[in-house]
Each structure stands twice: as structure tokens, then as C-alpha cells.
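All figures in this text were calculated on a predicted structure; none of them were measured in a lab. Remember, it's 1-based here, ligands and their atoms both numbered in the order they're listed.
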Amino acid sequence: MTEKTHHRICPLCEACCGLEIKTQGDKIISIRGHEADVLSAGYICPKAIALKDLHEDPDRLRTPMIKRNGVHVEASWEEAFAEIEARLPAVMARHGRNATGIAVGNPSAHKIGLLTYFGKLARALGTKNVFSASTLDQMPKQLASGLMFGHWLSVGLPDISRTDHLLVIGANPLASNGSMWTVPDFKGKAKALQARGGKLVVIDPRRTETAALANTHHFIRPGADVFLLAAMVNTLFTEKRVRLGSVEQWVKGIEAVEAAVAPFTPEAVAARCGIAADTIRGLVRDLATAERAAVYARIGTCTQEYGTLASWLVDVINTLTGHLDQVGGILFAKPAAFASNTAGKPGVGKGVTTGRHHARVSGAPEVYGELPITCMAEEMETPGEGQIKALITVASNPVLSSPDGPRLSAALDKLEFMVSLDIYLNETTRHADVILPGLSPLQDMHYDVAFPQLSWRNHARYSPPVFPVADDQPQEWQSLLKIAAIVSGKGSGLDADALDDAQFAEDAQRLFGERAAAVIAATQGLRGPERGLEVALRTGPYGDQFGGLLAPTLPATRVSLPPEGAKLAWGGPAQRLPDGLTLARVKTASPEGGIDLGELEPRMPEMLRTPSGKVELAPELFINDLQRAAKDLERPAPDLVIIGRRDVRTNNSWMHNLPVLAKGPFRCTALVHPTDAARLGLQDGAQADLRNGARTVRAQVQISADMMPGVVSLPHGWGHDLPGARLGVAAQRPGANLNALLDDQLRDPLSGNAVLGGVAIEMTAVA
Ligand SMILES: Nc1nc2c(c(=O)[nH]1)N[C@H]1C(S)=C(S)[C@@H](COP(=O)(O)OP(=O)(O)OC[C@H]3O[C@@H](n4cnc5c(=O)[nH]c(N)nc54)[C@H](O)[C@@H]3O)O[C@H]1N2
Ligand SMILES: Nc1nc2c(c(=O)[nH]1)N[C@H]1C(S)=C(S)[C@@H](COP(=O)(O)OP(=O)(O)OC[C@H]3O[C@@H](n4cnc5c(=O)[nH]c(N)nc54)[C@H](O)[C@@H]3O)O[C@H]1N2
Ligand code: SF4
Ligand SMILES: [Mo]
């Protein structure tokens with residue numbers, strides 16, 4: 001049998017590395033980094049190799065499952081959709097549209113079909129109960145970016161290849177490979193930064209792998225970032241170090257910021273942060289005096305009570321130190337497709353709002369079309385109109401990934417109906433009446449929708465499917481459309497392609513008016529996400545505008561491309577596209593590693609989409625919320641608090657079943673500082689009970705001087721010992737579920753994001 005070489009974007013984390021996969025028939029021979037990849041240049045981590053285990057995992061579902069008498073049995077696709085048709089519309093008829101809920105999880109960000117079709121199902125359901133992993137993760141960053149720059153995905157990115165000083169707060173890219181920042185081989189880039197005389201500084205309650213690489217590391221008390229950052233802004237004003245650089249004329253609200261941070265002097269916050277006042281001043285001076293510097297903060301700063309404020313203050317510092325929209329500072333990507341900040345009128349827009357509706361029980365505001373996922377259990381439990389009686393999960397495992405999993409589990413058990421689109425029978429999907437399996441990532445075509453908006457350089461890459469799909473298995477977008485048709489009263493018998501054609505015709509009419517027919521003709525032969533991608537690429541900032549068909553209606557925002565054959569600063573190849581992008585061109589470039597669209601460039605003011613056309617430095621929502629933080633400054637620190645942890649060989653809750661990653665030392669340990677261990681009588685390797693009120697979990701202790709005293713770290717996504725799941729490998733070493741310990745009522749009130757760290761616990765040795 002002949003050997004074939006395929007190129008695939010790794011779907012397992014936000015680094016989106018380019019892979020080279022060799023196959024023979026239906027066998028995977030090898031997986032390695034694709035050297036020519038324009039984004040990742042051959043870099044990979046151990047998880048990429050595990051794609052083989054994932055593809056071959058006997059526990060990965062290949063056929064739909066229906067629960068009969070409490071047991072999941074295999075069913076045909078027809079039976080599965082018929083079951084949904086028989087039961088879901090009936091629940092809606094009895095209890096109304098808001099009696100349904102939908103929860104979408106992390107892997108959908110890596111599947112173009114799920115990401116671009118999930119919204120169609122949510123709209124067809126017509127429910128306000130839309131939840132996602134975003135409120136366990138980055139919603140604070142998105143809200144901060146949205147209010148400051150006008151769009152939820154207008155996230156400022158450190159220009160790592162040209163900066164001299166990078167301050168990393170609450171992120172561990174050496175383990176996570178970056179988040180809200182697609183930056184494969186962060187380590188290599190950080191070392192290059194150091195080699196040219198620059199500095200990496202890390203602020204984290206644990207001396208992480210990234211902290212170990214850094215020139216300087218400071219511990220911080222979990223949850224105290226808002227105080228540190230406010231004091232840094234305060235210092236910029238009191239030491240008269242504020243400079244705005246080239247964005248001066250586009251920034252609004254400086255006086256309001258100055259007044260709001262007045263209470264937060266370095267002395268006032270030092271004890272709360274566990275960082276000396278002079279150290280705080282030093283952090284500020286280093287940033288303010290560096291020609292090229294950037295502050296990057298991630299999940300450690302988002303998953304806390306003041307997550308939105310912390311995310312906002314990071315960009316306030318980037319702005320007030322003159323590094324916003326600067327080469328070597330913070331820049332914004334200009335992706336080839338799907339970005340809102342490249343569409344419509346440049347420099348101004350609708351901006352973002354929150355609270356268009358509210359959660360029924362808690363009153364939490366809607367943010368970016370969603371309600372907090374930590375409201376899900378109470379929305380299922382609490383009687384009354386709008387009580388969730390039926391749930392659809394899409395690539396989501398909230399029983400492990402969301403606080404108070406046991407409560408959620410009990411609530412899922414009482415639903416009238418539940419459907420899961422997933423690839424495993426796991427802790428969450430064991431509650432489902434119907435499970436519709438997704439494809440292996442190697443059976444899917446792919447183009448990253450969100451990550452090019454967050455990437456360290458501009459690019460366009462397409463992955464064709466590596467393996468074919470079984471004849472009767474729908475693509476995931478087709479399953480979403482079929483359920484949408486069922487809940488719209490069209491029945492389960494309809495052909496998904498015909499539904500898609502009809503919807504595309506409608507969308508084209510809305511988007512292109514009198515030119516719709518020509519666009520439909522130009523995209524003939526394409527379907528589903530591939531057709532959407534073709535339209536997005538061709539109408540995007542580098543697109544061919546359908547050969548000029550659409551040009552008169554769209555603003556010219558194209559950037560100049562590097563000359564053909566030019567070697568770029570980082571050594572990657574460059575390609576020239578005289579006639580603009582089309583899907584066909586991006587496809588052709590796949591074996592060559594995709595199309596490089598150059599380094600990030602300043603985009604102010606063209607990228608702004610705020611109603612004012614300015615960078616909103618002082619949104620009222622944030623200024624007001626700082627009062628809440630000011631009142632909280634004196635809160636005493638608990639003796640012991642818990643935080644999470646990531647390891648390069650894990651990925652949230654669902655990769656513990658892959659043998660190549662599961663082997664090796666046990667990773668679900670509770671790291672405890674030696675002084676805490678001595679005080680509490682904890683032994684290395686022994687079991688301990690961790691308690692938060694009535695919630696408790698038992699975990700293995702690992703004594704580590706890398707922890708800040710008073711802080712314990714346990715990774716999330718473990719706890720694979722629940723009955724009814726089918727995860728043979730993971731169940732052998734199930735680990736403890738951190739989220740069984742956390743309270744689902746603790747949230748950042750602005751973004752609805754869950755609080756996942758800095759929570760007070762008690763810890764006792766198990767005799
Ligand atoms: N305490 C604590 N909790 C956390 C975090 C933390 O740091 N601390 N991190 C949070 C973060 S950042 C996130 S993003 C969430 C993630 O939490 P979730 O969004 O729940 O995602 P995962 O835990 O990765 O679970 C993914 C689910 O998708 C399924 N799946 C995998 N691939 C596919 C596919 O191709 N198709 C389909 N249909 N299904 C698939 C898996 O079987 C699994 O059920 O966890 C959060 N939970
Ligand atoms: N290998 C691997 N890679 C992953 C994932 C995975 O599970 N495994 N998950 C992916 C997902 S979904 C995401 S969202 C990203 C997340 O990517 P990162 O944000 O880099 O996530 P972590 O590695 O958890 O790093 C968060 C850091 O914050 C620190 N921290 C905790 N609390 C605080 C605090 O209060 N203040 C400060 N300053 N720091 C604090 C923690 O000690 C930790 O080192 O990773 C992605 N990549
Ligand atoms: S860092 Fe690893 S898991 Fe992430 S995209 Fe690259 S190879 Fe895949
Ligand atoms: Mo995440």
C-alpha cells in the first residue's frame with residue numbers, strides 16, 4: 001500500500017501547530033511537525049502524537065447511542081434522529097422554548113463545522129439558555145477587549161518576535177502552549193527574546209515552567225491581580241510616566257482612570273498581593289522605560305472575582321506605557337477570514353453591550369449572547385416558567401469542567417430529555433438520552449475560525465480530511481442542522497444539504513442583496529462550512545472580492561504582502577498573492593504550509609469598532625466595579641487557598657483516555673508548600689482530604705517548594721471514576737475532580753465568568 005502525506009492543523013490546543021501525518025491505507029504511520037508551516041515551522045508538543053491514539057481509541061464513539069432502561073445501546077443514525085424528533089419538540093411544546101438549554105465546550109473552537117453551525121441550532125431552539133466554556137475561561141478578556149476596542153475578539157497580542165520586555169501574568173504557556181494568543185513554540189520565542197537582551201517576567205502563585213524560564217518571577221496571592229494592576233496604573237500617574245505614543249489621538253478616558261485608581265497605592269495593595277510596594281514600582285518602571293514591551297495575562301487573571309477588571313487593567317497598562325498598537329508592543333491580528341474588525345466601516349462600529357437578557361434564577365446578565373455556565377444547574381433545578389427541562393451539549397463536559405460537578409450531575413439526571421454531540425460516553429454524556437458521535441479530527445476538513453484573530457502572525461491555512469467518513473455518518477454541522485430542523489418543526493427526514501442550501505441562499509440575499517445570485521453561482525459545488533469559508537476568505541481583507549464582483553461595496557482594507565520569495569524576519573517562507581485569496585488558493589498552499597500574511601502591523605484606528613471610534617480606556621462598567629474592589633482591599637488572606645494547574649500531557653477533561661499521554665507519573669496531585677505540609681501534617685505521596693464547606697475531594701499530596709506558601713494547586717478535568725462512563729484508560733487512574741470542590745455561585749459579576757482559583761480550603765491528612 002502506498003504511503004500518503006497529509007497536512008493537518010493540530011486541533012488540540014490554541015497553538016494550532018501544523019502537522020505532517022503519514023498514512024498507509026487506514027493506518028497512521030507517523031505524526032510530526034510540518035517544517036514548512038507558516039505559523040509553527042515544525043514545532044509540536046507530545047499531544048499531537050496522541051492524535052493517533054485518539055483516532056484509534058476503541059472507546060471513541062463511532063455510532064449513535066440511545067439510552068434504553070438506563071443503559072446506552074448502539075443505534076443507527078436514523079433511529080437517533082427519530083428519538084430526538086419524538087422527544088425534544090414535545091418538551092418544547094409542553095414547557096416553551098426557554099425550557100431548552102444548549103452548552104458548547106472547548107473542542108468546538110477547533111472544529112469549523114461546530115463553530116460555524118452551533119449558532120444555527122441555538123437560534124432554532126430560540127432559548128436564552130445558551131452556555132459555553134467561555135464563562136469558565138476567557139469571557140473577562142473578551143468583555144474587556146470588547147468594551148475597549150469594540151469587538152469581543154479584538155484582543156491585543158504581544159508582538160513577541162520584536163519585543164524587549166514581556167510581562168506574563170497568570171499564564172503558563174510552557175504547559176498550555178498559549179491561550180487567547182496563538183503562539184506555537186512560545187519557549188523558543190521567549191528564549192530568542194532573552195538572547196537579544198530582552199526580559200521575561202512572570203507573576204504567578206506557583207513557580208511554573210514558564211516562571212523557571214523567566215528572568216524574574218514574583219509570587220502573587222491568588223485573586224489579587226486586580227490590586228496589583230490598579231497599583232501599577234496608579235504608579236504610572238503618580239510617577240508621571242504616562243505616555244501614549246502614536247495612539248494618543250485615539251484614546252479616551254484617561255482622567256477617569258486616574259481618578260478611579262487613586263485608592264490603589266502600592267503600599268495599600270502590597271499585603272493583599274503578597275508583593276512589596278517597591279517591587280510593584282519596579283515592575284512599572286521596567287515597562288515604562290522599555291522601548292518595546294508588552295503585558296500578557298491569561299486564565300489565572302480571568303477566573304477570579306475581578307476577572308474583567310484585571311483583564312481591562314492589563315490593556316490600560318499597555319496603553320499608558322505607550323506600547324499599544326506598537327511594533328514590539330501590543331498589536332492586533334488581521335486575519336484572512338471571519339474577523340468582525342476587518343468588516344464594515346473601518347474605525348467605528350456598534351461596540352459591545354451586555355445584559356440584553358438575564359438568567360432567570362440568578363439575574364446574571366447575558367454576555368456575548370450567553371449566560372454563565374455556572375447558572376446551568378440552578379436553571380434546571382428551580383421550578384417555574386423557563387426551567388430547563390431539555391439540554392443539548394456540544395463537545396462539552398461540564399460535570400468535570402464546571403464548578404460543583406456533583407450538583408450538575410444530579411440536575412442532569414432529572415431532565416426530561418438530553419442530547420449530546422460528543423465523541424465519548426463520559427461523565428457528562430452518560431446522562432444523555434441520545435449521543436451523536438462527532439468525527440475524529442482526522443476525518444474532518446479544517447480552517448481555524450477564531451485563532452487567526454489571536455495569532456502571533458497573520459496567515460491562512462486549510463486542512464483537508466486525512467481519512468474518509470463512513471457513508472452513513474453525518475458531519476457534525478449536518479447533525480446540528482438536522483436537530484435545528486427538528487426543533488423548527490421540519491421533521492427529522494430532511495436532507496441536511498438541502499437545508500444548508502436553503503439557508504445559504506437566505507444568508508446570501510441578506511449579505512449581498514442584488515449580487516446574491518452571482519455569489520451563489522460562484523460558490524457552486526461547495527457546501528457547509530467550506531462554502532462559508534470560501535465566502536469569508538473572498539470577502540475578507542486579503543480576498544479577491546469574487547473577482548471584483550463585490551469590490552465596490554466593500555472598503556479597501558488590504559495590506560501589502562511581502563514580495564515573492566522574501567525571507568521573513570523569523571525565517572519562514574513568504575508567498576505573494578497578486579490576485580487576492582480564494583479557498584482554492586488556500587487549499588493549494590496546504591502542502592507548502594499555508595499562506596503567510598506577514599507580521600502583525602499597527603492597525604489603529606482602522607481596527608476600532610467602538611461607537612466613539614476611540615479606544616475606550618474607562619468604560620463606566622469597569623470604573624464602577626473598581627469601587628467593589630476598593631472595598632475589598634482589606635479582606636484578610638485565608639490560611640490556605642486552592643488554584644488549578646495544566647500539564648503539557650493533558651487537555652482539560654478529555655485526553656486522559658489516550659495511552660501515550662496517560663502513561664508516566666501520576667499528574668493529578670495536590671502541590672503543597674513544605675511549610676504548609678509541615679503545619680498540616682501532610683506527607684508526600686499520601687492522601688489528603690480537601691474541604692470547602694460541605695464539598696470534599698481526596699487527592700494525593702505532592703510537596704513542592706515551587707508553591708507560594710498558603711497556596712495548593714490541583715489540576716482540573718480529573719475524576720474519571722463516575723459510573724456509566726466508558727473511558728477504560730482514564731478510569732485506571734481517575735484522579736480527583738477539582739471542580740467538585742468549587743462553588744458554582746462564585747462569579748465575576750461583569751462577565752459571568754466562574755471563579756476557579758483563590759478559593760479558601762482546608763486540608764487534612766488521611767490516616
Ligand atoms: N477548576 C478549573 N476548571 C476549569 C478550568 C480550570 O483552569 N480550572 N479550565 C476551564 C477551561 S479554560 C475550559 S476551556 C473548560 C473546558 O471544559 P469543556 O468545554 O467541558 O471541555 P473539555 O473538558 O475539554 O471536554 C470536551 C468534551 O468534548 C468532547 N469532544 C472532544 N472532541 C470532540 C469533537 O471533535 N467533537 C465533539 N462533538 N466532541 C468532542 C469530549 O469528549 C468532552 O466531552 O474547562 C474549564 N474548567
Ligand atoms: N497541556 C494543556 N494545554 C492546554 C490546556 C490543558 O488543559 N492542557 N487547556 C487549554 C485551555 S482550554 C486554556 S483556556 C489554556 C489556558 O492557558 P493558560 O492561561 O496558560 O493556563 P494555565 O497553564 O492554567 O496557567 C494559568 C496560570 O495562572 C496561575 N494562577 C492561578 N491563579 C492565579 C491568580 O490568581 N493570579 C495569577 N497571576 N496567576 C494565577 C496558575 O498557577 C497557572 O500557572 O490552556 C490551553 N492549553
Ligand atoms: S502545542 Fe501541541 S497540542 Fe497544541 S497545537 Fe501544537 S502540537 Fe497540538
Ligand atoms: Mo479554556
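At least one heavy atom of K47 sits closer than 4.0 Å to an atom of ligand 2. Within the structure, the closest approach of S396 to ligand 1 falls below 4.0 Å when heavy atoms are considered. Ligand 2 lies out of reach of N177, whose nearest heavy atom is not under 4.0 Å from it. For G757, the heavy-atom gap to ligand 2 stays at 4.0 angstrom or more. Ligand 2 lies within reach of G223, whose nearest heavy atom is under 4.0 Å from it.
Less than 4.0 angstrom separates some heavy atom of D137 from each of these atoms of ligand 1: 12 (S), 14 (S). Each of the following atoms of ligand 1 lies closer than 4.0 Å to a heavy atom of L742: 1 (N). Those atoms of ligand 1 with a heavy atom of G105 less than 4.0 angstrom away are 19 (O). Near V648, meaning under 4.0 Å from any of its heavy atoms, are these atoms of ligand 2: 1 (N). Each of the following atoms of ligand 1 lies closer than 4.0 Å to a heavy atom of N426: 42 (O), 43 (C), 44 (O). With ligand atoms numbered from 1 in the order given, ligand 1 contributes 42 (O) to contacts under 4.0 Å with heavy atoms of Y424.
Residue contacts with ligand 2, taken as heavy atom pairs separated by less than 4.0 Å, involve N652 via backbone and side-chain atoms alike. Using a 4.0 Å cut-off between heavy atoms, N651 contacts ligand 2 through both its backbone and its side chain. The backbone of A175, and not its side chain, has at least one atom closer than 4.0 Å to an atom of ligand 2 (non-hydrogen atoms only; backbone = N, CA, C, O). Counting heavy atoms closer than 4.0 Å to ligand 2, residue Q304 contributes side-chain atoms (C-beta onward) but none from N, CA, C or O. Contacts between N106 and ligand 2, counted as non-hydrogen atom pairs separated by less than 4.0 Å, involve the side chain only. Of all the heavy atoms of L738, the ones lying under 4.0 Å from any atom of ligand 1 belong exclusively to the side chain.
In terms of polar-atom proximity, defined here as any N/O pair under 3.5 Å, D422 does make such a contact with ligand 1. Ligand 1 has no N or O atom lying under 3.5 Å from any N or O atom of P107, backbone or side chain. By the 3.5 Å distance cut-off applied to N or O atoms, I299 is counted among the residues near ligand 2. Ligand 1 has no nitrogen or oxygen under 3.5 angstrom from a nitrogen or oxygen of S402.
Counting protein heavy atoms only, atom 24 (O) of ligand 2 is closest to R646 NH1, 2.9 Å. The nearest heavy-atom contact from the protein to atom 42 (O) of ligand 2 is D204 OD1, 2.6 Å. The nearest protein atom to atom 2 (C) of ligand 2, hydrogens excluded, is given as T650 O, 3.1 Å; this is a heavy-atom distance. For atom 40 (C) of ligand 2, the nearest non-hydrogen atom of the protein is P205 CD, 3.3 Å. S401 O, 3.4 Å is the protein heavy atom nearest to atom 46 (C) of ligand 1. Protein heavy atom nearest atom 36 (N) of ligand 2, with residue, atom name and distance: D225 OD1, 2.7 Å. In terms of protein heavy-atom proximity, atom 20 (O) of ligand 2 is closest to S176 OG, 2.7 Å.
For H55 and F467, the gap between ring centers is short of 6.0 Å.
Residues T301 and D225 bring no donor and acceptor atom of their side chains to less than 3.5 Å of each other. With 3.5 Å as the limit, one finds a donor-acceptor pair spanning the side chains of D632 and Y306.
Salt bridge status for D137 with R298: present, with a side-chain N to carboxylate O gap under 4.0 Å. The pair K111-D448 fails the salt-bridge criterion, with no side-chain N (NZ, NE, NH1 or NH2) lying under 4.0 Å from an Asp/Glu carboxylate O.
Around atom 8 (Fe) of ligand 3, the protein contributes the following N, O or S atoms under 2.8 Å, ordered by chain and number: C10 SG.
Cation-pi geometry between K189 and F186 is not met at under 6.0 angstrom from the ring centre and within 45 degrees of the axis.
At most 12 non-hydrogen atoms from other residues, nucleotides or ligands lie less than 6.0 angstrom from NZ of K187.
Taking the six-membered ring for Trp and thresholds of 30 and 60 degrees, W718 and H656 have nearly parallel ring planes, at less than 30 degrees apart.
Counting only heavy atoms from C-beta outward, the side chains of V711 and H673 never approach each other to under 4.5 Å. For the pair I299/R646, a side-chain contact is recorded, criterion being any heavy-atom separation below 4.5 Å from C-beta on.
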